[in-house]
Amino acid sequence: EPSLYTVKAIVILDNDGERLFAKYYDDTYPTVKEQHSFEKNIFSKTHRSDSEIALLEGLTVVYKSSIDLYCYVIGSAHQNELMLTAVLNCLFDSLSQMLRGSLSWGGPHIMGGILCRGGRKNVEKRALLDNMEGLFLAVDEIVDGGVILESDPQQVVHRVAVRGEDVPLTEQTVSQV
């Protein structure tokens, strides 16, 4: 049966399998303990794999890894994996654009203390942690309540930048004024 509720969860783990970000859109895993158990399971099944899709616990999991991050988008078993991959790519590309200091094009080299691999956009854990508010805004622009709203990373980055500028003067830091 077709449904707009496509995404069950978006999860970002570090290279030790620890949660950096997780947003669950339904009650498949209602408690934090169940969520952590599920996250450990998907990390153990995917962190050494070169594929981009897995079926685990009756769910479709699409994922992508970067330097020290693993990004997962989770949907039901009957969900179209191309739709889930579009969400994953939008999130990953949006983060790469927002965190420009931690991505690079070209051969392997060190840039700003970050190892950059040839031809790939890489998002680093430290840069992500320094810009968590951008991550929260980007995820909210891409998916709302499990419904996919946007799949164009340029639109997401633009909307996040506009929302970031709407901070009231009384809540701005000295550098923002």
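When a residue number appears, it is its place in the shown sequence, counting from 1. Since the model is a prediction, treat every value here as computed from it, not as a measurement.
When every heavy atom of E141 is checked against every heavy atom of V160, the shortest pair comes out as CG-CG2, 4.3 Å. The heavy-atom pair separating L59 from S76 by the smallest distance is CD2-CA, 4.1 Å. Annotation for C71 and F92: closest pair SG-CD1, 3.9 Å, computed over non-hydrogen atoms.
Every residue two or more places apart in sequence or in another chain was checked for a salt bridge (Lys or Arg N to Asp or Glu O under 4.0 Å) with D130, and none qualifies. Annotation: side chain to side chain contact (heavy atoms under 4.5 Å, CB included) contacts of K40 (sequence neighbours excluded): E18. Residues satisfying the side chain to side chain donor-acceptor pair (under 3.5 Å) test with N89, not counting sequence neighbours, are K64. S51 is linked by a side chain to side chain donor-acceptor pair (under 3.5 Å) to S49, Y63, counting only residues two or more places apart in sequence or in another chain. Residues meeting the ring-ring contact (aromatic ring centres under 6.0 Å, His included) test with F136, sequence neighbours left out: F21. Annotation: side chain to side chain contact (heavy atoms under 4.5 Å, CB included) contacts of S37 (sequence neighbours excluded): none. Partners of E133 according to the side chain to side chain contact (heavy atoms under 4.5 Å, CB included) rule, which considers only residues two or more places apart in sequence or in another chain, are N131. Under the side chain to side chain contact (heavy atoms under 4.5 Å, CB included) criterion, E39 pairs with V11, L13, R19, A22, Y24, Q35, H36, not counting sequence neighbours. Under the side chain to side chain donor-acceptor pair (under 3.5 Å) criterion, Y29 pairs with E57, sequence neighbours left out.
Summarising the geometry, atom OG belonging to S66 is positioned 10.5 Å from atom CG belonging to N15; distances are rounded to the nearest 0.5 Å. Between the CG atom in L137 and the CE atom in M132 there is a gap of 11.5 Å [rounded to 0.5 Å]. Atom-to-atom distance recorded for L135:CG and L91:CG is 6.5 Å, nearest 0.5 angstrom. The distance from atom OG of S94 to atom CG of L99, rounded to the nearest 0.5 Å, is 10.0 Å. In this structure, the separation between CG on L56 and OH on Y72 is 9.5 Å, given to the nearest 0.5 Å. The line from CG of D14 to CG of L20 is 5.0 Å long, rounded to the nearest 0.5 Å.
No side-chain heavy atom of D16 sits under 4.5 Å from any side-chain heavy atom of F43. Contact check for V147 versus Y25: no side-chain heavy atoms found under the 4.5 Å cut-off.
Of the candidates D26, T60, D27, D26 is the only one forming a side-chain hydrogen bond (donor to acceptor under 3.5 Å, both in side chains) with K8. Tested against L95, the residues L69, V157, I12 include a single side chain to side chain contact (heavy atoms under 4.5 Å, CB included) partner, I12.
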Using a 3.5 Å cut-off and no angle test, enumerate the donor-acceptor pairs between side-chain atoms of residues 80-87 and protein atoms at least two apart in sequence or in another chain.
| from | atom 1 | to | atom 2 | distance (Å) |
| --- | --- | --- | --- | --- |
| N80 | OD1 | L82 | N | 2.8 |
| T85 | OG1 | E81 | O | 2.7 |

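Each salt bridge (charged side-chain N to carboxylate O under 4.0 Å, His left out) pair with one or both residues in residues 146-156, not counting sequence neighbours, appears once here: E150-R159.
We find that K125 and D68 are not joined by a salt bridge, their nearest charged nitrogen and carboxylate oxygen being 4.0 Å or further apart.
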